[in-house]
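Computed from a predicted model, the values in this text were never measured in an experiment. For the numbers below, each heavy atom of this structure counts, side chains included, while hydrogens, waters and symmetry mates do not.
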Amino acid sequence: MKKTGIFIILFTFALSVFSQNKTFTQKVEKYRDKLYLSENNEHFEIDLTVVTVKLVSSSARINKKYKVLNIDRSGYLDLQVPENVDIIKFVEKLKQSGMFESVEYNGICKSCQNINDPFWSSQYLDLSLIKVKDAWKITMGNPNIKVAILDSGIEVSHEDIGYGTDGYSNVSLTLGRSYSGSSNAHQYPTSEHGTAVAGIIGAKTNNGKGIAGVAGGDNAQGVTLIPYCVTSSYHVRDAIYDAIDAGAKVINISKSMNQMSSLDEAIQYAYNQQVTIVCASGNNATNSISYPASHYQTIAVGACYNSGNRRSDSQYGAGLDLVAPGDYVETTGLNNSYTSLPGTSFATPYVTGTIALMLSIDSLLTPNEIRTILHNSCTKLTNYNYNSSGWNEEVGYGVLNVKDAVAAVAFKIVGPSLACTDTPYSVACLPASMHVVWSLENTSCGCIFETDTPAVNQCCISSINNPFTGTLRASIYNGTELFFTRTKHVYTLSGTRGRYMQESCLYYNKQHPAIPYTTLNGVAFVHQGCMVILESPYFEGATVTHSGVTPEQWLFDPDHKRLYFSFPLGSGGIPLNIIVHGENSCGDTQFTFFSVSNNGNLSSALNVEPLSDGYLLTINNHSEEITTNSQIVNSTDNGEHLVGRSSENNWDLDVYSATWGKKEFGCKVKGNNYYLNTNGWNSGLYVIRVVIDGKVYTEKINVR
């Protein structure tokens with residue numbers, strides 16, 4: 001049975017449970033056809049197959065109609081819920097029987113995603129502020145994503161970054177370079193700054209050691225860190241080029257330096273290569289940010305306290321993109337140690353790590369796309385005033401929100417904007433623990449909107465019977481908690497398949513007038529040589545080819561859903577079939593255009609006379625173009641009639657269906673007349689093409 005909408009039922013009731021001398025309450029919620037236990041702001045899905053009870057006394061006996069699955073050493077019994085029995089009614093019946101001291105639901109265990117790194121508790125306030133743990137429900141990093149750290153190098157022997165007893169490393173041992181006096185300073189640094197930056201981005205997570213990096217993996221390799229040791233601005237320039245050659249997709253520069261045109265060009269080169277550079281705004285408390293953070297093609301990061309407010313020494317002002325925790329951040333230090341450091345240097349790698357997670361989902365994201373997503377996903381603080389663009393000089397677009405940034409990349413609604421009947425939609429990268437509640441808003445679509453169709457967490461629009469535009473909303477839930485919301489503009493065709501216009505043109509000494517934009521509902525007729533512009537919503541997500549006549553000009557612009565073409569000389573009466581292969585449930589479609597301009601030839605040269613079951617085609621000998629002698633009528637074996645077998649008039653006859661763009665008939669004719677028998681042909685419009693001595697003549701006929 002088809003559903004015509006979404007209905008969310010939410011109700012709660014309390015079940016008092018008496019166990020020895022302890023009383024507590026189980027709160028049950030029904031949500032989207034599932035039952036949940038609610039306690040301490042957490043929700044656990046109820047196991048619908050079993051109920052746990054305890055008899056009122058050890059001498060009591062359980063009714064044989066109940067199937068006992070297990071008895072534990074404290075006397076609790078697990079009873080199987082009978083098939084096709086509502087568990088709520090079953091529990092209520094058990095309670096009312098008076099046989100049991102306690103009756104309890106069982107919740108399905110869920111992963112707490114406990115982080116076992118010892119210093120997690122020291123990181124918790126910072127990472128909770130920017131919602132890192134929620135982002136890890138989607139991804140914890142991909143080794144294919146390379147992150148270059150242009151700093152003082154990374155201690156590759158550190159147990160929480162490089163090779164330790166866990167047998168894997170998040171730092172590349174083959175990529176990177178030292179630009180200082182020591183050839184190995186990028187792997188064995190003398191300053192802890194770079195190692196501290198690296199730990200925030202990519203320290204191993206859930207490996208039972210140290211801290212948790214933003215993109216450090218889940219007790220397995222996270223993103224790949226490339227270490228560089230730089231001490232001068234020209235080192236930074238050269239390291240940018242090297243990092244790009246090494247395959248880095250994002251570069252972290254937690255340093256400030258003097259501006260140089262050579263470094264500007266290196267930053268521009270990175271931008272052109274789709275590599276994102278993230279820089280620290282500086283720690284001088286001034287209202288202008290340092291270089292290279294001030295470069296418009298880098299992402300500038302300021303520091304905030306774990307309250308979200310700007311850290312007092314964090315530089316701010318024009319060009320600041322956002323802020324991240326930077327008040328004594330827990331991270332990795334030298335000699336296999338751990339440390340806590342303040343400043344924008346250590347706020348910046350939080351953003352770099354977030355970008356690495358985003359790229360772990362979509363490695364083709366451009367710097368502009370990344371910047372836009374970061375801006376739009378920032379958390380706004382109520383104690384700052386933002387301008388109409390959502391920006392504030394002290395905190396930029398707000399506080400980094402890792403969850404929303406990663407979710408914005410991951411949770412895309414898959415399906416076309418152009419909705420056709422039975423169009424399915426789904427959410428990409430949806431974790432198994434989450435589900436989607438769909439709604440179709442801001443429209444009266446005259447359709448059936450089904451959820452969990454054709455599969456769970458999908459929706460489908462079917463039985464569309466009038467045009468509409470609207471908003472498709474995917475509300476993504478983690479249990480009963482709304483995790484993220486994604487929307488997509490959807491629409492249907494408005495009864496027309498498109499529109500076309502033709503520019504005026506002078507073609508082979510014939511001036512053709514312009515044709516204004518005209519709705520395209522069937523076949524269209526235009527002039528040879530003139531540019532035609534066809535616009536159609538069917539072009540969205542489609543490939544476009546042609547058959548029939550070969551166009552003189554042809555250009556398809558998918559971004560604007562527009563096609564440019566023109567007919568060549570001598571193409572009168574031959575169709576141009578524009579074939580649209582739609583990668584959506586609208587399927588394929590075809591547009592058919594004809595040219596019947598005759599290239600300026602007199603139409604009086606060809607006369608078409610309707611008869612009872614066909615048409616008599618006559619070449620006009622009195623035309624200025626043709627002079628022949630009249631001939632007598634001769635019958636043919638197939639019932640058609642050739643009139644005037646003259647050696648002087650030899651002509652080619654072709655007839656095309658205007659509805660389908662197919663050639664329906666063709667022959668060579670001698671004489672001045674031809675009887676075209678259309679008996680048995682499908683009703684519709686046809687185009688006759690006659691070629692005599694290289695000159696083309698066309699006429700339309702209607703077969704009924």
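Legend: residues meeting salt bridge (charged side-chain N to carboxylate O under 4.0 Å, His left out) with D557, ordered by chain and number and at least two apart, are absent. Taking the side chain to side chain contact (heavy atoms under 4.5 Å, CB included) definition, one finds that N387 meets it with S389, W391, sequence neighbours left out. For S417, the side chain to side chain contact (heavy atoms under 4.5 Å, CB included) criterion is met by K488, Y491, E540, not counting sequence neighbours. Among residues two or more places apart in sequence or in another chain, the side-chain hydrogen bond (donor to acceptor under 3.5 Å, both in side chains) test is passed with Y564 by R562. Take E83 and apply the side-chain hydrogen bond (donor to acceptor under 3.5 Å, both in side chains) test, not counting sequence neighbours, and it matches no residue. D218 meets the side chain to side chain contact (heavy atoms under 4.5 Å, CB included) test with M140, N206; sequence neighbours excluded. For S475, the side chain to side chain contact (heavy atoms under 4.5 Å, CB included) test picks out V437, R473, Y477, L482, T485, with sequence neighbours left out. Residues that satisfy the ring-ring contact (aromatic ring centres under 6.0 Å, His included) test with F556, not counting sequence neighbours, are F539. Annotation: side-chain hydrogen bond (donor to acceptor under 3.5 Å, both in side chains) contacts of N287 (sequence neighbours excluded): none. Applying the side-chain hydrogen bond (donor to acceptor under 3.5 Å, both in side chains) rule to N383 yields the partners N309; only residues at least two apart in sequence or on another chain are considered.
Here salt bridge (Lys or Arg N to Asp or Glu O under 4.0 Å) pairs that include residues 368-394, with residues two or more places apart or in two chains, are R310-E394, D321-R371. Each side chain to side chain donor-acceptor pair (under 3.5 Å) pair with one or both residues in residues 348-357, not counting sequence neighbours, appears once here: N252-T352.
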